[in-house]
Chemist: 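Below is one structure. I have some questions about it.
Proteins come first, then strands; the chains are lettered A, B, ... in the order of their sequence lines, and each starts at number 1.
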Amino acid sequence: MSIALYNTLARAEQRFEPLDPGNVRLYVCGPTVYDWAHVGNARPAVVFDVLFRLLRCVFGDGHVTYVRNITDIDDKIIAAHRASGEPVADITRRTTDAYHADVAALGCLPPTIEPRATAHLAEMQAMIAQLVGSGHAYVAEGHVLFHVPSMPDYGRLSRRDLDEMIAGARVEVAPYKRDPRDFVLWKPAAEEDPGWDSPWGRGRPGWHIECSAMSGRYLSETFDIHGGGADLIFPHHENEIAQSTCAHGGRPFARFWLHNGYLMTEGAKMSKSLGNFYTVHDLLAEFPGEAIRLALLQTHYRQPLDFTREGVGQAKRTLDRFYGALRGAGGAPAPGSAGKGAAADTEVIAALGSDLNTPLALAVLHERLTTLNRAEGAAEKAAARAALLAAGAPLGLLAADPAAWMRGETGAAAALDEDSISSRIAARAAARKARDFHEADRLRADLLSEGIILEDTPAGTIWRRA
RNA sequence: GGCGCGGUGGCGGAGUGGUUACGCAGCGGCCUGCAAAGCCGUGUACACCGGUUCGAAUCCGGUCCGCGCCUCCA
């Protein structure tokens with residue numbers, strides 16, 4: 001099984017071979033915990049969860065190390081603290097908990113390691129000291145700055161020309177900088193703000209250094225894949241490369257750089273002022289997490305994605321088809337363990353191995369669905385059902401209990417009075433038997449108005465939530 | 001201005017130098033008391049203009065349109 005991934009560093013698809021098949025190492029930039037996660041945060045979480053699952057399928061569950069950080073020190077967090085007065089530690093803990101709940105609802109596996117920036121100040125300071133000592137960084141007015149001209153290869157990832165970057169600069173350059181392109185590794189902290197003692201005075205780390213320090217700590221100097229949103233290519237990832245490479249004596253940093261595409265909502269750039277800024281938390285009140293996940297995976301990860309409520313609604317109805325077929329196929333429900341023990345679907349794996357082509361993988365799922373719907377007899381149905389579940393597993397889909405899904409229990413919808421539904425279905429059955437179709441249709445219409453759809457099957461009438 | 005990404009049928013959305021993507025919606029049929037679900041069948045496509053080619057929607061050049069990034073936090 002070969003995997004090809006689009007490497008931003010090469011601007012081309014490349015065959016992926018890990019440095020160590022016994023320990024495939026993946027780093028993804030996680031959230032800054034100051035506010036609810038929005039769909040723009042959800043996309044990389046879901047996309048790289050699929051990559052994690054693919055790597056586990058190909059190299060074995062225990063042979064992939066997935067690190068996703070939590071940025072819990074940042075100017076936005078301090079700004080939130082100043083605005084509300086809530087202690088910084090409370091903000092970050094509360095927001096981290098909410099993030100965990102959100103991504104779990106989206107069906108994302110926990111990463112192998114989830115380091116917090118504030119727990120790695122020692123590593124960051126050691127790296128900064130190393131950069132100062134080797135002449136790649138300097139101290140100025142309480143700041144430590146990375147000196148960009150000290151790295152001739154700077155700009156390779158984002159394909160930026162060093163000279164043009166100065167010409168295009170539109171922000172006033174701080175006077176203490178030796179070069180306009182230099183960026184902060186450490187900056188002084190105001191007395192009332194969070195800060196740590198350091199050889200350069202009390203302060204806090206710059207934005208980029210945490211990822212360099214934590215990836216080095218958990219994945220070593222050179223590792224396989226670094227992922228994140230395309231908006232991080234510059235300056236964040238460019239600066240990570242500069243810091244890590246220079247601190248590591250020029251040895252390579254991440255070998256593959258993967259970036260998910262931008263996200264729009266309702267046809268426009270995501271913006272709070274336009275009112276199209278969806279938080280995952282709000283969406284989960286309206287849709288099952290799996291529907292949001294499917295809506296995100298229906299577009300290839302590098303393509304721009306226009307996220308709409310209509311799109312999630314359609315994804316929900318698509319899942320209704322899958323779960324309806326699974327429910328009809330019988331067998332013991334296996335919540336959370338779909339595909340476990342079953343051989344991975346080679347067509348799905350091949351699609352995902354082709355630069356995470358999730359839309360193609362989903363087309364395979366639809367083939368498996370049709371096969372299941374055509375299946376006759378218990379044995380054939382059981383085999384088709386297992387095949388569909390095995391196809392969904394690498395995508396993190398179809399792991400819920402089908403019966404619970406069809407009853408609408410997997411979303412945040414209000415609980416139903418099942419006794420009332422059952423008694424009215426019984427009343428309708430009696431009316432049908434008496435050929436009182438007028439009454440039977442009235443009962444069915446009644447239920448429909450409450451969001452309950454009836455289906456008459458050879459085995460009796462079943463219902464589902466609209 | 002610099003760098004980069006994208007424009008596929010009513011909608012969503014893959015892919016490929018010559019062969020059905022797939023899903024939704026639509027239409028016809030089977031099934032059904034009627035529906036629903038499912039199954040079978042079915043139509044419209046590759047922004048524009050040039051070029052390369054036996055042949056391009058797929059490669060090259062240009063144009064138009066949409067979008068993003070261009071830092072040191074304010």
Chemist: Is A:E450 salt-bridged to A:R424, going by a charged N under 4.0 Å from an acidic O?
Modeler: yes
Chemist: Any side-chain N or O of A:Q298 under 4.0 Å from OP1/OP2 of B:C24?
Modeler: no
Chemist: Starting at CD of A:E347 and ending at C1' of B:A14, how long is that distance when rounded to a whole Å?
Modeler: 15 Å
Chemist: For A:Q314, which contact category applies under a 4.0 Å heavy-atom criterion: base, sugar-phosphate, or nothing?
Modeler: base
Chemist: Hey, which of these two, A:R302 or A:R317, hits RNA chain B nearer its 5' end, going by closest nucleotide?
Modeler: A:R302
Chemist: Measure from the side-chain heavy atoms of A:A440 and tell me the nearest of B:A14, B:G33, B:G23.
Modeler: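 Taking heavy atoms from C-beta onward, the closest nucleotide is B:G33.
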Chemist: Can you measure A:L305 atom CG to B:G12 atom P for me and round it to whole angstrom units?
Modeler: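 The distance from CG of A:L305 to P of B:G12 comes to 12 Å, rounded to the nearest Å.
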Chemist: Does A:I453 reach a base, just sugar-phosphate, or nothing at all? Heavy atoms under 4.0 Å.
Modeler: sugar-phosphate
Chemist: Calculate the interatomic distance between A:L319 atom CG and B:G23 atom C1'; express it in whole Å.
Modeler: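 My rounded result for the distance is 12 Å.
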Chemist: Would you measure the distance from the C1' atom in B:C30 across to the matching atom in B:C64 and give it in whole Å?
Modeler: 49 Å
Chemist: Distance check, C1' atoms only: B:U58 and B:U52, in whole angstrom units.
Modeler: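 One C1' to the other, the span is 14 Å.
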Chemist: Under a 4.0 Å threshold between the charged nitrogen and the carboxylate oxygen, would A:D436 count as salt-bridged to A:R432?
Modeler: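 Salt bridge: no.
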Chemist: With heavy atoms under 4.0 Å as the rule, sort A:E238 into base, sugar-phosphate or nothing.
Modeler: nothing
Chemist: For B:C48 versus B:C24, give the span between their P atoms, rounded off to a whole number of Å.
Modeler: 28 Å
Chemist: Going by an N to O cut-off under 4.0 Å, is there a salt bridge joining A:R202 and A:D197?
Modeler: no
Chemist: Can you tell me how far apart NZ (A:K381) and CD (A:E376) are? Round to the nearest 0.5 Å.
Modeler: 8.5 Å
Chemist: With a 3.5 Å distance limit and no angle check, can you tell me whether A:S212 reaches the backbone of A:I209 through a side-chain donor-acceptor pair?
Modeler: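 No; zero donor-acceptor contacts below 3.5 Å.
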Chemist: Whole angstroms only, please: what is the CG-P distance between A:L232 and B:C70?
Modeler: 11 Å
Chemist: Rounding to an integer number of angstrom, what distance separates B:A14 and B:G9 when you compare their P atoms?
Modeler: 13 Å
Chemist: On the ring face of A:Y6, is A:R302 found with NZ or CZ under 6.0 Å from the centre and within 45° of the axis?
Modeler: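 Output yes; distance and angle both within limits.
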Chemist: Answer yes when A:R442 and A:D446 have at least one side-chain N-carboxylate O distance shorter than 4.0 Å, and no when they do not.
Modeler: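 Salt bridge: yes.
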Chemist: Scan A:H300 against the nucleic acid and name what it touches under 4.0 Å (heavy atoms): base, sugar-phosphate only, or nothing.
Modeler: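 Sugar-phosphate, backbone atoms only, no base.
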Chemist: Report the nucleotide, chosen from B:C24, B:U71, B:G6, that has the shortest atom-to-atom distance to any side-chain atom of A:P235.
Modeler: B:U71
Chemist: Less than 4.0 angstrom between a side-chain N/O of A:R181 and OP1 or OP2 of B:U71, yes or no?
Modeler: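 The answer is no; no side-chain N or O of A:R181 sits under 4.0 Å from OP1 or OP2.
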Chemist: Without decimals, in angstroms, what is the distance between A:R442 CZ and B:G33 C1'?
Modeler: 18 Å
Chemist: Find the distance A:Y301:OH to B:G6:P and express it as a whole number of Å.
Modeler: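 Between P of B:G6 and OH of A:Y301: 12 Å.
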Chemist: Classify the ring geometry between A:H208 and A:H236 as parallel (under 30°), tilted (30 to 60°) or perpendicular (over 60°).
Modeler: tilted
Chemist: Is there, by distance only and without an angle test, a donor paired with an acceptor across the side chain of A:D306 and the base of B:C67 below 3.5 Å?
Modeler: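 For A:D306, whose side chain was compared with the base of B:C67, there is no donor-acceptor pair (under 3.5 Å).
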Chemist: Take the angle between the ring planes of A:W257 and A:F253 and call it parallel below 30°, perpendicular above 60°, tilted in between.
Modeler: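 Rings of A:W257 and A:F253: tilted, as their planes differ by 30° to 60°.
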Chemist: Scan residues 366-377 of chain A against RNA chain B and write down, sorted by residue number, each residue with any heavy atom closer than 4.0 Å; if none is found, say none.
Modeler: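 Heavy-atom contacts with RNA chain B come from A:H366, A:T370, A:N373, A:R374.
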Chemist: Any donor-acceptor pair, under 3.5 Å, between the side chain of A:N357 and the base of B:G15, if you only look at N and O atoms?
Modeler: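 It does not, because no donor-acceptor pair links the side chain of A:N357 to the base of B:G15 below 3.5 Å.
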Chemist: Given B:A21, B:G33, B:C69, identify the nucleotide with an atom nearest to the side chain of A:L360.
Modeler: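 Closest nucleotide to the A:L360 side chain: B:A21.
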Chemist: Taking A:S354 for the side chain and A:A351 for the main chain, is one N or O donor matched with an acceptor at less than 3.5 Å?
Modeler: no
Chemist: Quick check on contacts: within residues 418-438 of chain A, what sits under 4.0 Å from RNA chain B by heavy-atom distance?
Modeler: A:R428, A:R432, A:F437
Chemist: Among residues at least two apart in sequence or on other chains, which ones pass side-chain contact (heavy atoms from CB on, under 4.5 Å) with A:H81?
Modeler: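 A:V88, A:I91.
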Chemist: Let's test your reading of the pairing rules: Watson-Crick or G-U wobble, both distances under 3.5 Å, then write RNA chain B as a dot-bracket string with ( ), [ ], | and dots.
Modeler: (((((((..(((.....[...))).(((((.......)))))....(((((..]....))))))))))))....
Chemist: What about A:R444: does its side chain form a donor-acceptor pair under 3.5 Å with the base of B:C34?
Modeler: yes
Chemist: I'd like to know if the side chain of A:R317 and the backbone of A:A466 have a donor-acceptor N/O pair within less than 3.5 Å.
Modeler: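 Checked: no pair found.
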Chemist: Taking A:E290 first and then A:R293, would you say they form a salt bridge - that is, a charged N and a carboxylate O separated by under 4.0 Å?
Modeler: no
Chemist: If you check the A:D456 side chain, which of B:A35, B:C73, B:A14 turns out closest?
Modeler: B:A35
Chemist: Side chain of A:D441: nearest nucleotide among B:C34, B:G13, B:C22?
Modeler: B:C34
Chemist: Starting from P on B:U71, measure out to NE2 on A:H237 and report it in whole angstrom.
Modeler: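 So the NE2-P distance, A:H237 to B:U71, works out to 17 Å.
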Chemist: With sugar-phosphate meaning primed atoms plus P, OP1 and OP2, does A:D182 contact a base, only sugar-phosphate, or nothing at under 4.0 Å between heavy atoms?
Modeler: base
Chemist: With sequence neighbours left out, what residues match A:R407 under side-chain contact (heavy atoms from CB on, under 4.5 Å)?
Modeler: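 Expected list: A:A403, A:A404, A:E409, A:E418, A:W463.
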Chemist: Before accepting this row, confirm whether a basic side-chain N of the pair A:D320/A:R465 lies closer than 4.0 Å to the acidic partner's carboxylate O.
Modeler: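 No, A:D320 and A:R465 are not salt-bridged.
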Chemist: For the aromatic rings, using the six-membered ring if either is Trp, is the centroid distance between A:H366 and A:F322 under 6.0 Å?
Modeler: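 That pair passes the under 6.0 Å test.
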Chemist: Would you indicate, yes or no, if B:A37 has its OP1 or OP2 atom less than 4.0 angstrom from a side-chain nitrogen or oxygen of A:R327?
Modeler: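 False: A:R327 side-chain N/O out of range (4.0 Å or more) of B:A37 OP1/OP2.
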Chemist: Look at A:T299 and B:G13 and indicate whether a side-chain polar atom (N or O) is within less than 4.0 Å of OP1 or OP2.
Modeler: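 True: A:T299 side-chain N/O within range (under 4.0 Å) of B:G13 OP1/OP2.
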Chemist: Would you classify A:R11 as touching base, sugar-phosphate or nothing, given that sugar-phosphate means primed atoms plus P, OP1 and OP2, and contacts are heavy atoms under 4.0 Å?
Modeler: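 Sugar-phosphate contact only.
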Chemist: Walk me through whether A:D456 and A:R428 qualify under salt bridge (charged side-chain N to carboxylate O under 4.0 Å, His left out).
Modeler: CA-CA 11 Å; A:D456 296 328; A:R428 177 169 167 272; 2.8 Å; yes
Chemist: Suppose you measure atom P in B:G61 against the same atom in B:U42; what distance do you get, rounded to whole Å?
Modeler: 40 Å
Chemist: Please work out which residues in residues 183-198 of chain A have a non-hydrogen atom less than 4.0 Å from an atom of RNA chain B and list them by number.
Modeler: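 Within residues 183-198 of chain A, the residues near RNA chain B are A:F183, A:V184.
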Chemist: Between B:G15 and B:C73, how far is it from one C1' atom to the other, in whole Å?
Modeler: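 44 Å, rounded to whole Å.
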Chemist: Which whole-number value in Å describes the distance from A:D355 CG to B:A14 P?
Modeler: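 A:D355 atom CG is separated from B:A14 atom P by 12 Å.
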Chemist: Quick one: are the ring centres of A:H237 and A:H226 less than 6.0 Å apart?
Modeler: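 That pair passes the under 6.0 Å test.
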Chemist: Base, sugar-phosphate, or nothing for A:T457, non-hydrogen atoms under 4.0 angstrom?
Modeler: nothing
Chemist: When rounded to the nearest Å, what value does the distance between C1' atoms of B:G6 and B:G12 take?
Modeler: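 Approximately 16 Å lies between the C1' atom of B:G6 and that of B:G12.
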Chemist: For atom P, what is the distance between B:G23 and B:C59, given to the nearest Å?
Modeler: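 The answer is 26 Å between these two P atoms.
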